[in-house]
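Here, residue 1 is the first one in the sequence, and each next residue gets the next number.
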Amino acid sequence: MSLPNPDNRPLLIGPPTGPEAPFPFRMEGEVISGFGRGSKELGIPTANLPVDDENTWIKNIDSGIYFGWASLKLPASHPNSVLYQKPPTSEPVMMEPVQQQQQQQNQQQQQQEGGIESAQQAKLVDQQTGQWQIYPMVMSIGYNPFYKNTVRSAEVHVLGEFAADFYGVGMRLLITGFIRNEKDYSGLEALIADIHFDCEVARHSLARKGWRVRELGVKEGGEEGELDGSWLVR
Ligand code: ADP
Ligand code: RBF
Ligand code: MG
């Protein structure tokens, strides 16, 4: 580990067998604008969720930093969507004659099999509704003592690279564990260093079999996860 870890914090939270009671918690909402403090410029954008009365547990839960899985219902128009298709370029794509012939053959075959129509229909539905995609996450619930907020917020840093914002998109959370209490800091650098370490804690903790969601399938050379993440994708 090369990241600074001044407080000698543990890299793994919880036992290898998976989340311990009362975890996991579920939370759901559409991503809203946050405080606009430029978290993105710090390299730590946070997708904010409304903290409403429906989530009674969130009122009773300790403020602090949590980790788990986030699922985003990215529309087909989002560049990170598995359904995304690049808009056609204005330049015509040059194709080798052999490729062109192959494409025509494929199209003819699909038409004969009646496949193209049903494939297009399926795509239409997907584009309207989007598709859930799962990522690891770290999140902060509370008052951000460094900024002395007066309202309680819930904000999620998704561990993934996004080519575009996803405001308004549906987000589901499976909160699997507690990392630490919220802290005040004498400077922004110390806050950022702690958040970077939180990300490492989440990555390492969630990489274990008992914490990986089954729905993500088997990664190269790995075993299938044991955690039930079905709620994240249905
Ligand atoms: P705000 O104050 O509006 O929350 P942020 O600077 O925190 O602004 O940026 C949050 C937005 O950035 C999210 O709503 C989302 O659309 C986008 N975003 C891009 N990448 C991520 C990421 N890895 N995690 C969370 N949000 C991200
Ligand atoms: N804010 C605090 O005031 N104290 C904290 O200890 C703290 N920890 C955070 C940990 C994580 C993983 C995340 C995503 C945010 C945290 N925040 C904390 C909130 C942070 O101040 C907020 O996201 C700012 O907008 C970042 O500039
Ligand atoms: Mg934010």
Polar side-chain atom of [X] near backbone of [Y] as donor-acceptor pair, under 3.5 Å:
X: Ser140; Y: Ala154; result: no
X: Gln133; Y: Asn80; result: yes
X: His204; Y: Glu200; result: yes
X: Thr46; Y: Asn48; result: no

Does any part of the side chain of [Y], heavy atoms only, come nearer than 4.5 Å to the side chain of [X], both counted from C-beta?
X: Phe166; Y: Leu72; answer: yes
X: Trp69; Y: Pro136; answer: yes
X: Leu49; Y: Met139; answer: no
X: Val138; Y: Ile179; answer: yes
X: Ile65; Y: Ile141; answer: no

Next on the checklist: With clusters defined by side-chain heavy atoms of hydrophobic residues (ILVMFWY) lying less than 4.5 Å apart, directly or transitively, does Val151 cluster with Val156?
Outcome noted: no
Can you list the residues that meet the side-chain contact (heavy atoms from CB on, under 4.5 Å) rule with [X], with sequence neighbours excluded?
X: Phe23; result: Pro19, Phe25, Tyr66, Ile175, Phe178
X: Val218; result: Glu224
X: Pro79; result: Tyr84, Ala163, Ala164

Next on the checklist: So, taking the atom named OG in Ser205 and the one named CG in Leu12, what distance separates them when rounded to the nearest 0.5 Å?
Outcome noted: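 Reported value, rounded in 0.5 Å steps: 5.0 Å.
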Checklist entry - How far apart are the closest heavy atoms of Gly68 and Thr176, and which atoms are they? => result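 Heavy atoms only, the tightest pair is CA-OG1, 3.3 Å.
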Checklist outcome for this item: Nearest heavy-atom contact between Asn144 and Glu155 is OD1-OE2, 3.0 Å
Next on the checklist: Taking side chain to side chain donor-acceptor pair (under 3.5 Å) as the definition, give me every residue that meets it alongside Arg172, ordered by chain and number, with sequence neighbours left out.
Outcome noted: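 Partners of Arg172 by the side chain to side chain donor-acceptor pair (under 3.5 Å) criterion, ordered by chain and then number, come out as Glu28.
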Next on the checklist: So, using side chain to side chain donor-acceptor pair (under 3.5 Å) as the criterion, who are the partners of Ser63 when residues are at least two apart?
Outcome noted: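 Ser63 satisfies side chain to side chain donor-acceptor pair (under 3.5 Å) with Arg152 only.
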Can you give me every donor-acceptor pair (side chain of residues 30-45, partner residue at least two apart or in another chain, under 3.5 Å) with its distance?
{"residue": "Arg37", "atom": "NH2", "partner": "Asn149", "partner atom": "OD1", "Å": "2.4"}
{"residue": "Lys40", "atom": "NZ", "partner": "Asp165", "partner atom": "OD1", "Å": "3.0"}
{"residue": "Lys40", "atom": "NZ", "partner": "Asp165", "partner atom": "OD2", "Å": "3.0"}

Checklist entry - Which residue pairs pass the ring-ring contact (aromatic ring centres under 6.0 Å, His included) test with at least one member in residues 129-158, sequence neighbours excluded? => result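 Every pair satisfying ring-ring contact (aromatic ring centres under 6.0 Å, His included) with a residue in residues 129-158: Tyr135-Phe162.
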Item to check | Residue pairs involving residues 212-234 (criterion ring-ring contact (aromatic ring centres under 6.0 Å, His included); sequence neighbours excluded) | outcome: none
Sequence neighbours left out, cut at 3.5 Å: what donor-acceptor pairs do the side chains of residues 183-193 make with other protein atoms?
{"residue": "Lys183", "atom": "NZ", "partner": "Asp7", "partner atom": "OD2", "Å": "3.4"}
{"residue": "Lys183", "atom": "NZ", "partner": "Asp194", "partner atom": "OD2", "Å": "3.4"}
{"residue": "Tyr185", "atom": "OH", "partner": "Arg180", "partner atom": "NH1", "Å": "3.3"}
{"residue": "Tyr185", "atom": "OH", "partner": "Asp194", "partner atom": "OD2", "Å": "2.6"}

Just list the side-chain donor-acceptor pairs under 3.5 Å for residues 210-217, sequence neighbours left out, or say none.
{"residue": "Trp211", "atom": "NE1", "partner": "Pro15", "partner atom": "O", "Å": "2.7"}
{"residue": "Arg212", "atom": "NH1", "partner": "Ala207", "partner atom": "O", "Å": "2.6"}
{"residue": "Arg212", "atom": "NH2", "partner": "Glu223", "partner atom": "O", "Å": "2.4"}
{"residue": "Arg214", "atom": "NH2", "partner": "Glu226", "partner atom": "O", "Å": "2.9"}
{"residue": "Glu215", "atom": "OE1", "partner": "Gly229", "partner atom": "N", "Å": "2.9"}
{"residue": "Glu215", "atom": "OE2", "partner": "Ser230", "partner atom": "N", "Å": "3.2"}

